[in-house]
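Beneath this line is the structure, given in structure tokens, with notes to follow.
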Amino acid sequence: MQKKEKNNNFYMAFCDDRFKINRIAVTFIDKLEREKNTLNALFPMVLIRGNNKYKDMKEINRFLDNMYGASLSIDVDKKGDLQAISFAISFLNDRFAGENLYTKALQFLYDIIYGPIKYGGGFEEDAILQEKNNLKQEIESRINDKVQYAIDRCIEIMFEGQNYALYEKGNVDDLHTITKEKLFSQYQEVVTKKLMYVFVYGDYDEEWAVSKALEVFGDEKRESVHNDFSINIPFEKTRYVTEEMEVNQGKIALGIRTNVDVTSEDYYKLLMLNGILGASPKSKLFENVREKASLCYYVFSRIDRFKSVMVISSGIEIENYEKALNLILQQIEDIKNGKIDNIEYESAINYYKTALMAIYDSPRDLLSFYLNQALVGQIIEPKQVFEKLKNVSIEDIKRIAGGFELDTVYFLKNRGVAKDGKDL
């Protein structure tokens, strides 16, 4: 691993000769705010339609084809109170191509990101309109995935009025207010001033790879952008919210304040708790709520490190709401009381071992892992995370569970059906 940081430009390279595919990812970090999250989701979509160097998507695809079938991708994600705007190219290892594709890929990615500035031309109205429609469809289609929709609604209710409640891809209403000038201005602001991370994965000398990336993308001074890992709303009491929609099964989403400082060693204790509660194949939620009690179709828990929040998600028959909710909460109480058997503990350990080691087998996953690490300010390898998890004790897990606060219980049910399953 080789890294270099200057003026809020962060470069990191990883040497690995196991795969035929190399990857470069460039990510800009902006604050997640209603005034600009839709703009930040839209401008990458317009950028990959072309510029004055690559006139359109046909020319872009021609370049990628000439790079032995390279692929270009964009992504916009939420990292706590931050918005990550990413551009990446995956391409054939130079050893198999017989030529230096790395520098070509670097320059291509730079030209895609900075082309409208370097080569002029700005944004085309037609491209903006088409991508507005595409983004509108993407935002509106969120409702089709009822599992994720219930989780999102739980978070929105839990963090009402805070930036973390925002959807990273923006808002349909805001699309109507976006002009060509407004979009281009926000684009320039992000790619020239916001915190930038450049990650390289491939069969290269790491120091050389970083130096070449630095030559292309530079180290001009950028703004420092920091995440606020705290919730910043005093806990008063649990909120119970029920909403209705045309659904085949009820969806429960529980939002829990873990009250863990995720920049501390307690984060790894929280991870182990999550494995025991609802992430591993032999977790308490899966074994006791789904398998033994048959009260749900699925159930799992997950952690958002960037906000110290746990979400428990489950799909149930509507008439089983009270039973399922009570049994889910009982699993947390059992952990607080130290009722954790060896099978549950070992299952969590094995789950994380498999998941963390699998990161090394995917250039995309590895670069995403290190981006998250960098944003938290603690860059360690996946195998080092696993070593920390192995040292977590039952007493550690009990202590972490003791700080949990159930903030929000969200229930999505079918229209005209009471919680007992009877028609209203």
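Just so it is clear, the model here is predicted, and its values are computed rather than measured.
Residue pairs satisfying the ring pair (Phe, Tyr, Trp, His ring centres under 6.0 Å) criterion with at least one member in residues 349-371, sequence neighbours excluded, are listed as follows: Phe14-Tyr370.
With sequence neighbours left out, the ring-ring contact (aromatic ring centres under 6.0 Å, His included) criterion links Phe63 to Tyr54, Phe108. The side chain to side chain contact (heavy atoms under 4.5 Å, CB included) check on Lys292 picks up Asn288, with sequence neighbours excluded. Here Glu160 pairs with nothing under the salt bridge (charged side-chain N to carboxylate O under 4.0 Å, His left out) rule; sequence neighbours left out. Under the side chain to side chain contact (heavy atoms under 4.5 Å, CB included) criterion, Val190 pairs with Phe28, Asp30, Asn40, Phe43, Ile85, Gln186, Lys194, sequence neighbours left out. For Phe87, there are no ring-ring contact (aromatic ring centres under 6.0 Å, His included) partners two or more places apart in sequence or in a different chain. Partners of Lys20 according to the salt bridge (charged side-chain N to carboxylate O under 4.0 Å, His left out) rule, which considers only residues two or more places apart in sequence or in another chain, do not exist here. Residues passing the side chain to side chain contact (heavy atoms under 4.5 Å, CB included) test with Asn93 are Asn22, Arg95, Phe96, Asp203, sequence neighbours excluded. Every residue two or more places apart in sequence or in another chain that forms a salt bridge (charged side-chain N to carboxylate O under 4.0 Å, His left out) with Arg239 is listed here: Asp407. Evaluation of the salt bridge (charged side-chain N to carboxylate O under 4.0 Å, His left out) rule for Glu243 yields Arg153 as partners, not counting sequence neighbours. In this structure Tyr11 satisfies the ring-ring contact (aromatic ring centres under 6.0 Å, His included) test with no other residue, sequence neighbours excluded. Residues satisfying the ring-ring contact (aromatic ring centres under 6.0 Å, His included) test with Tyr201, not counting sequence neighbours, are none.
With no hydrogens or angles considered, no side-chain donor-acceptor pair links Gln2 and Lys4 at under 3.5 Å. Side chains of Gln130 and Asn134: no donor on one and acceptor on the other come within 3.5 Å. The closest side-chain donor-acceptor pair between Gln148 and Asp152 falls under 3.5 angstrom. Side-chain contact annotation: Asn274 with Ser301, donor-acceptor N/O pair under 3.5 Å present. Under 3.5 Å, the side chains of Ser368 and Asp365 contain no donor-acceptor pair of N or O atoms.
Counting heavy atoms from C-beta on, the side chains of Phe159 and Leu166 never come closer than 4.5 Å. Two residues are said to be in side-chain contact when any heavy atoms from C-beta on lie closer than 4.5 Å; Phe184 and Thr179 fail this criterion.
Atom CG of Asp65 sits in a crowded spot, with more than 12 heavy atoms from other residues, nucleotides or ligands closer than 6.0 Å. Summarising the local packing, CD of Glu140 is surrounded by more than 12 heavy atoms from other residues, nucleotides or ligands at distances under 6.0 Å. Shown here is Asp361, whose CG atom has more than 12 heavy atoms of other residues, nucleotides or ligands within 6.0 Å.
Salt-bridge formation is detected for the pair Asp16/Arg18: a Lys NZ or Arg NE/NH1/NH2 atom is positioned less than 4.0 Å from an Asp or Glu carboxylate oxygen.
Across all non-hydrogen atoms, the minimal contact from Glu168 to Leu32 is CA-CD1, 4.4 Å. The two atoms that bring Ile379 and Lys3 nearest to each other are CD1-NZ, 4.2 Å, heavy atoms only. Considering all non-hydrogen atoms of both residues, Phe411 and Gly250 come closest at CE1-CA, 4.0 Å. For the pair Ser73 and Arg23, the tightest heavy-atom approach, listed with the atom from each and the gap, is OG-NH2, 3.8 Å. Scanning all heavy atoms of the two residues, the minimum distance from Ile231 to Lys307 falls at CG1-O, 4.0 Å. A pairwise comparison of heavy atoms in Ala324 and Ile316 identifies CB-CG2, 4.0 Å as the closest pair.
For Arg142 and Tyr167, the positive end sits near the middle of the six-membered ring, less than 6.0 Å away and at most 45° from its axis. Both tests hold for Lys78 against Tyr164: distance to the six-membered ring centre under 6.0 Å, angle to the ring axis within 45°.
If you look at Phe91 and Tyr68, their ring centroids are not closer than 6.0 Å.
In this structure, Asp56 contributes its side chain and Glu59 its backbone to a donor-acceptor pair below 3.5 Å.
Relative orientation of the Phe229 and Phe306 rings is parallel, given thresholds of 30° and 60° on the angle between their planes.
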